[in-house]
Amino acid sequence: MSTTTPTTPTTQQNPTYSEAFQSGVREEMKLNPNIFILGTDLVERGGHFAQVKGIAQEFGVDRVKDSPISEAAMVAAGLGSAMYGCHPIIDLNFIDFSLGAMDEIINQAAKIRFMFNRPVPLVIRATSGVALGGAHHCNSLESLFAHTAGLSVAVPSRAYDVKGLIKTALRSPDPVIFLMHKKLSGVRGEIGDENTFIPFGSANKVKSGKDAAIISYGYTIVSAQKAAQNLAEQGIDVEIIDLRTLYPLDTDTINETVQKFGRVVVADEAPMFGSITAEIAATASEANFKHLKGPIIRVGAARAPLSANPQMSEAAIPSVNDLVEAVKKVMSY
Amino acid sequence: MTTDSKWGKETLRQMLLIRNFEETADKLTLRGKVPGGMHNSSGQEAVAVGVMSALDPKDVIATTHRSHHHTIAKGMPVNIVMAELFTKATGCSGGRGASMHLADVENGHFGGNGIVGAGVGIAMGAAVGIKQMGHKKVAVGFVGDGGVNTGRTWEAVNMAVIYKLPLIIIVDNNQYAVETFVERVTGGNDIAKRGAGFGLPSFTIDGQDVEEVHKYTLEARNRALAGEGPTFINALTYRYYGHNVGEKGQYRTQEEIADWRSHRDPIDRFSAKLISEGALTQADYEAMINSVAKEIEEAVDFAEKSPLPDVSTILDGVDSGLLGASK
Ligand SMILES: Cc1ncc(C[n+]2csc(CCOP(=O)(O)OP(=O)(O)O)c2C)c(N)n1
Ligand SMILES: [Mg+2]
């Protein structure tokens with residue numbers, strides 16, 4: 001572990017993914033008194049993933065509110081107060097629990113600006129992605145939100161992006177679905193300072209390569225890095241693009257990547273049928289048909305609920321080997 | 001009121017079985033045997049056994065994320081429950097569910113749930129089915145003190161009242177939702193009154209007294225079978241362990257836990273009563289404790305030795321296939 005890093009002068013050790021969230025939220029809460037956080041078990045426990053630990057102690061319980069388990073009312077509280085002029089962060093814990101507040105999110109929050117010309121500066125934060133927990137705790141709903149006009153969707157894969165994106169979200173007049181992968185909660189990394197804002201719709205090149213590219217986001221970026229190592233041993237140099245947000249989508253980077261290689265894999269751990277990878281593969285193929293050396297290959301999960309049994313759950317989502325095979329396949333054209 | 005000796009012994013045995021199951025499974029979870037962890041119901045045995053002992057085996061229940069006690073009291077063999085916790089193929093859900101998704105729909109167990117507040121609605125729906133089909137059964141929906149703050153719970157209660165459904169709503173009120181004390185998040189601070197506001201008989205009862213739970217459930221069941229509609233029961237109880245296995249937290253004092261354990265433990269209370277009434281001897285009681293421990297040991301052995309589910313089955317049963325599949 002490096003002793004000091006230029007971007008985090010105040011901490012010896014790089015913060016975790018969860019602490020990066022705390023850091024970004026704290027900075028913005030200091031500047032904007034209208035930001036508050038509402039969710040279950042936030043005040044003492046600091047949230048189920050320690051994502052707001054210590055913030056209630058610093059800012060008081062008027063700005064970090066413990067909520068009853070009432071997801072529809074939680075999002076409604078965020079929606080109405082955002083219309084009124086606050087900038088709430090509604091912490092839904094697991095994105096699976098948003099399903100009890102879908103009307104508030106999709107019919108209401110997403111449409112108010114279009115219908116009534118009123119901004120809805122609302123952040124809905126939750127963990128997402130596949131980990132242990134089974135059918136009701138591992139839904140990947142990001143495609144559904146990205147599909148909904150009026151919503152933006154952030155899917156950071158590292159501490160730096162968590163902080164930079166939440167800071168941007170907290171200056172945005174629009175509703176943002178902020179999805180943090182459970183398996184990344186404790187992963188440490190550098191973070192930016194109080195002036196580091198990551199714009200939505202800007203992908204990050206995690207690794208450059210010469211032969212082919214994997215476009216992905218969230219935890220799959222970790223798998224893609226492992227796949228890239230494996231492929232390097234086989235003489236294939238793969239580039240990795242982390243989308244960071246799914247809406248807006250960085251189509252410029254996607255198009256450049258497709259044009260550069262003509263060999264592209266798009267991967268995530270959501271069920272493939274009707275997913276964001278389908279959107280990317282379709283639009284990128286339409287726009288760059290002449291540059292393609294073969295079809296864009298998608299890697300994703302089975303169209304099945306996830307099981308609590310870890311082997312079953314692992315088998316349903318892409319493995320490092322699935323990514324390796326997909327890249328070899330695009331190389332074969 | 002003296003207790004019927006046969007009923008009393010079986011009731012006590014079931015509570016002991018649940019307690020031993022939970023304490024054993026808790027340790028196994030800490031050793032990594034239970035993928036995803038589990039919610040320990042130790043302390044809440046009387047609610048489960050009191051309710052279930054008043055039901056017919058064919059009655060329907062739908063429950064929560066904390067449901068080992070309901071499931072065992074409903075009659076599922078402990079080896080099948082343990083195997084499901086281990087996510088083995090021999091578990092009640094074939095290893096797909098683990099601790100939170102115990103079910104045996106065929107035998108009226110409509111499932112534990114990963115979603116807080118979902119159980120009452122499912123039980124209410126089962127009650128609609130029972131009524132539509134003219135069956136003489138009831139459905140029981142369990143919910144926690146935290147779950148009673150979900151809107152869906154009250155939509156279901158209201159519907160049960162207007163349709164006079166054979167439904168019993170049981171609040172397994174252990175007074176905490178994760179680390180949140182019930183009073184901090186319950187407007188009016190009277191859950192039974194909230195129920196009464198929907199126009200159905202509604203009671204707060206001592207959930208550590210298995211006979212009281214049994215009596216109120218039996219009366220509710222009789223009303224339901226007589227076509228008089230649903231009943232709401234808020235059973236006060238206490239969980240001895242953390243929300244998830246391994247969690248401790250600073251949100252309650254050790255004294256509070258010790259007080260509940262030493263003065264109100266449902267097993268100690270009931271065994272003392274049976275012994276004082278002469279319905280049970282100390283020797284019987286010890287023999288019962290040992291036989292229960294043996295049964296749980298065998299359940300662990302069964303779970304350990306059971307095969308894992310076949311990963312090639314991950315797509316099986318998503319739908320019936322009768323409408324066809326994409327080809
Ligand atoms: C809709 C929904 N929201 C939040 C959660 C996360 N969660 C799981 S259990 C729990 C606490 C439930 O408390 P209570 O209803 O009192 O049941 P207990 O755990 O005490 O048995 C919470 C918040 C969830 N599983 N589902
Ligand atoms: Mg509770």
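Throughout, protein chains are lettered first and strands after them, A, B, ... in sequence-line order, and every chain is numbered starting at 1. Only this structure's heavy atoms are used, side chains among them; waters, hydrogens and symmetry mates stay out.
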Do B/His65 and A/His137 come within less than 4.5 Å of each other through their side chains, counting heavy atoms only? no

Check whether A/Asn309 reaches the backbone of B/Thr87 with its side chain - one donor and one acceptor, N or O, closer than 3.5 Å. yes

What's the separation between atom [atom1] in [X] and atom [atom2] in [Y], rounded to the nearest 0.5 Å?
X	Y	atom1	atom2	answer
A/Leu42	B/Glu179	CG	CD	11.0 Å
A/Gln311	B/Asp310	CD	CG	11.5 Å
A/Met74	B/Asn149	CE	CG	11.0 Å
B/Arg96	A/Ser313	CZ	OG	12.0 Å
B/Arg152	A/Glu71	CZ	CD	6.5 Å
B/Gln250	A/Glu44	CD	CD	8.5 Å

Other residues, nucleotides and ligands only: do more than 12 of their heavy atoms fall within 6.0 Å of NZ on A/Lys111?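 Counting other residues, nucleotides and ligands, NZ of A/Lys111 exceeds 12 neighbours.
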
Is the number of heavy atoms from other residues, nucleotides or ligands within 6.0 Å of CE (A/Met102) greater than 12?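 Counting other residues, nucleotides and ligands, CE of A/Met102 exceeds 12 neighbours.
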
Of the backbone (N, CA, C, O) and the side chain (C-beta and beyond), which part of B/Val178 lies under 4.5 Å from a heavy atom of chain A, both, or neither? both

If I compare all heavy atoms of [X] with all of [Y], which pair ends up nearest, and what's the gap?
X	Y	answer
B/Ile115	A/Asp96	CD1-O, 4.5 Å
B/Arg184	A/Asp66	NH2-OD2, 2.6 Å
A/Ser70	B/Thr150	OG-N, 4.5 Å
B/Leu315	A/Arg303	CD2-O, 4.0 Å
B/Gly36	A/Leu132	N-CD1, 3.6 Å
A/Ala316	B/Ile314	CA-CD1, 3.6 Å

Modelled atom types, side-chain donor and acceptor of A/Asp41 and B/Thr180, under 3.5 Å: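 Indeed, the side chains of A/Asp41 and B/Thr180 share at least one donor-acceptor pair under 3.5 Å.
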
Of the backbone (N, CA, C, O) and the side chain (C-beta and beyond), which part of [X] lies under 4.5 Å from a heavy atom of chain B, both, or neither?
X	value
A/Phe273	side chain
A/Ala72	neither
A/Ser67	backbone

